[in-house]
Amino acid sequence: MNYFTFDLKKLLIILSLVFIPLVVINMEHNPAQRPWFVKPFIFVSGFIENIYSGFSSGVRGTTALYLNLVDIKKNNRQLQIENSELSAQLGTLTELKLENQRLNQLLNFKENTKMNLLTAKVIGKDLLIDHNTLTINRGTSHGVKEFMAVITIGGVVGYIVQPQAYTSQILLLTDRYASIDAIVQRSRARGIIEGLNKDACRLNYLQQDDDVKEGDRIVTSGLNNIFPKGFTIGNVTKVEKSRYDISQEVTVTPSVNPFTLEEVFVVLNSNKENFLPEELENNGQKEKAENKDL
Amino acid sequence: MTSRYLILSNYFGFLVLTIALTSLQCSLWLQFFGYIPSPYMWIPTLAYWSIFRRVHEGLFMCYILVISTIALSSIPLSLFLFLNLLCFALALLIKQRIYWNGPTYLMLISGVISLAFPIFHFLLSWMLESKPISDPEILDGMLSGLFTALVSLPLYYVFSKIDTLTHKELPTEAGTSNYE
């Protein structure tokens, strides 16, 4: 076999396998810089890579989105549960805060008065619409007796009518059977407060010439020491004077809405507590004296 | 159990249920719904006994209901009794004219009675009381009537259950049972 026989085909193969790569290696001065003929391929492959990448990220994104959705759904459910729990807690806390505020006010009132008061909770209302009574959770076993006054910080509520051992019924001052001795704070004119409807009562037995105007405050007279003296009942909202009548019709809106009450005070002993400002009391006495002189 | 015990337990069952219902009306309703007019909870019992019992049985139950529920109101006993007897009579009157069986009939009678109740109350108040009702709560009365009719529907099944438990003959068509 003659190894030196010239074969062009073989030569080309050897060149392409060994020589060209060696030449290329020698030509490459900067390995980081790609030769010009590679650049189109880099561009094309980069483009294809981008497409693949986009496709891949799309698929991954969709899958992740689905997986996330499952998670989101779970999380959402959990968050909803947590949210409702927190809302309930917040509601309870708000309720407790309000109750605390109310009870604090009641406590302050109780501490700063001479009266002997018993705190009671409203537990029921009347069976019938046209009768205005409330039931409280205090009865004769707690010292409650019939006709004891029931008040709250804002004013008079009513009085006890049916004390049982552990519960009592309060006849609200808006009930048509309720009657409380009252005076007009400004002029000391005296009358009887009687229930009219669930939102109002009437000051009866005032004389035609008694001084009473819209906006006047009506307070308790303190008669019989059942109610404290000068405690707010309500404000005059309407005065009707008839020429031929000996009295006048005075409508009073109670200062306390008995239908929003939750806690009340039963006055076990008013101890002659007087809420009238001294000036008013003196003025009233002077006016009375003047009237007597006249 | 002997029939006497069954009759007594029937009365007792209805009495206990009515006391529970009226207490719910006065107390639990207040806690949940505030001062939204509540249904008259003793009226379904009164209506049931008016239409599905003999007259004397219904009358007896009417007295029991008045005595057991009067503690929850400040209304005078005589007035309340008079009112309930009027309602009972109204139910009998309707029964004579119209009758069908089932919960819807109780619903109708309860609704009519509870709507008539405030009207009777207003009229009797003007006739008998020294301080009559001056401002009747018309809307509240109507709402109470509506609620009473609504609650009497499920109550029919509870009443029927008491009757079944105490072996009381369940109401059938008018004239074919012993309720006439």
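The chains referred to below are lettered A, B, ... by the order of the sequence lines, with proteins before strands, and numbering in each begins at 1.
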- prompt: Where do B:Gln31 and A:Val122 come nearest, in terms of heavy atoms and distance?
  reply: NE2-O, 4.3 Å
- prompt: Hey, mind stepping through A:Asp126 and B:Ser74 against side chain to side chain contact (heavy atoms under 4.5 Å, CB included) and telling me if it holds?
  reply: CA-CA 7 Å; A:Asp126 202 286; B:Ser74 61; 3.5 Å; yes
message: Side chains of B:Pro118 and A:Ile129, heavy atoms from C-beta outward: is any pair under 4.5 Å?
response: no
Region of B:Ser144 in contact with chain A, defined by heavy-atom distances below 4.5 Å: side chain
statement: Heavy-atom closest pair (B:Ser134 atom, A:Leu196 atom, distance to 0.1 Å) is OG-O, 3.2 Å
message: Is A:Glu194 in contact with chain B via its backbone, its side chain, both, or neither, using a 4.5 Å heavy-atom distance?
response: side chain
task: Evaluate whether atom CZ of A:Phe259 has more than 12 neighbouring non-hydrogen atoms of other residues, nucleotides or ligands under 6.0 angstrom away.
output: yes
query: Looking only at heavy atoms, which of residues 143-151 of chain A get nearer than 4.5 Å to chain B?
result: none
Under 3.5 Å donor-acceptor pairs involving side-chain atoms of residues 120-128 of chain B, not counting sequence neighbours:
{"from": "B:His121", "atom 1": "NE2", "to": "A:His131", "atom 2": "NE2", "distance (Å)": "3.3"}
{"from": "B:Ser125", "atom 1": "OG", "to": "B:Glu129", "atom 2": "OE1", "distance (Å)": "2.7"}
{"from": "B:Ser125", "atom 1": "OG", "to": "B:Ile133", "atom 2": "N", "distance (Å)": "2.9"}
{"from": "B:Trp126", "atom 1": "NE1", "to": "B:Ile133", "atom 2": "O", "distance (Å)": "2.9"}

task: Flag yes if more than 12 heavy atoms outside B:Lys131 fall under 6.0 Å of its NZ atom; otherwise flag no.
output: yes
- prompt: With chain A, which of B:Thr69, B:Leu72, B:Thr22 has the greatest number of heavy-atom pairs at distances under 4.5 Å?
  reply: B:Leu72
query: Taking all non-hydrogen atoms of both residues, which atom of A:Leu127 and which atom of B:Ser73 are closest, and how far apart?
result: CB-CB, 3.9 Å
Stepwise side chain to side chain donor-acceptor pair (under 3.5 Å) test for A:Lys125 and B:Ser27: CA-CA 7 Å; A:Lys125 64 180 178 93; B:Ser27 190; over 6 Å; no
query: Got a sec: does the NZ of A:Lys121 have more than 12 other heavy atoms crowding it under 6.0 Å?
result: no
message: Please determine whether a side-chain nitrogen of the Lys or Arg among B:Asp140 and A:Lys198 lies less than 4.0 Å from a carboxylate oxygen of the Asp or Glu.
response: yes
query: Among A:Leu128, A:Thr133, A:Asn197, who wins on heavy-atom pairs under 4.5 Å with chain B?
result: A:Leu128
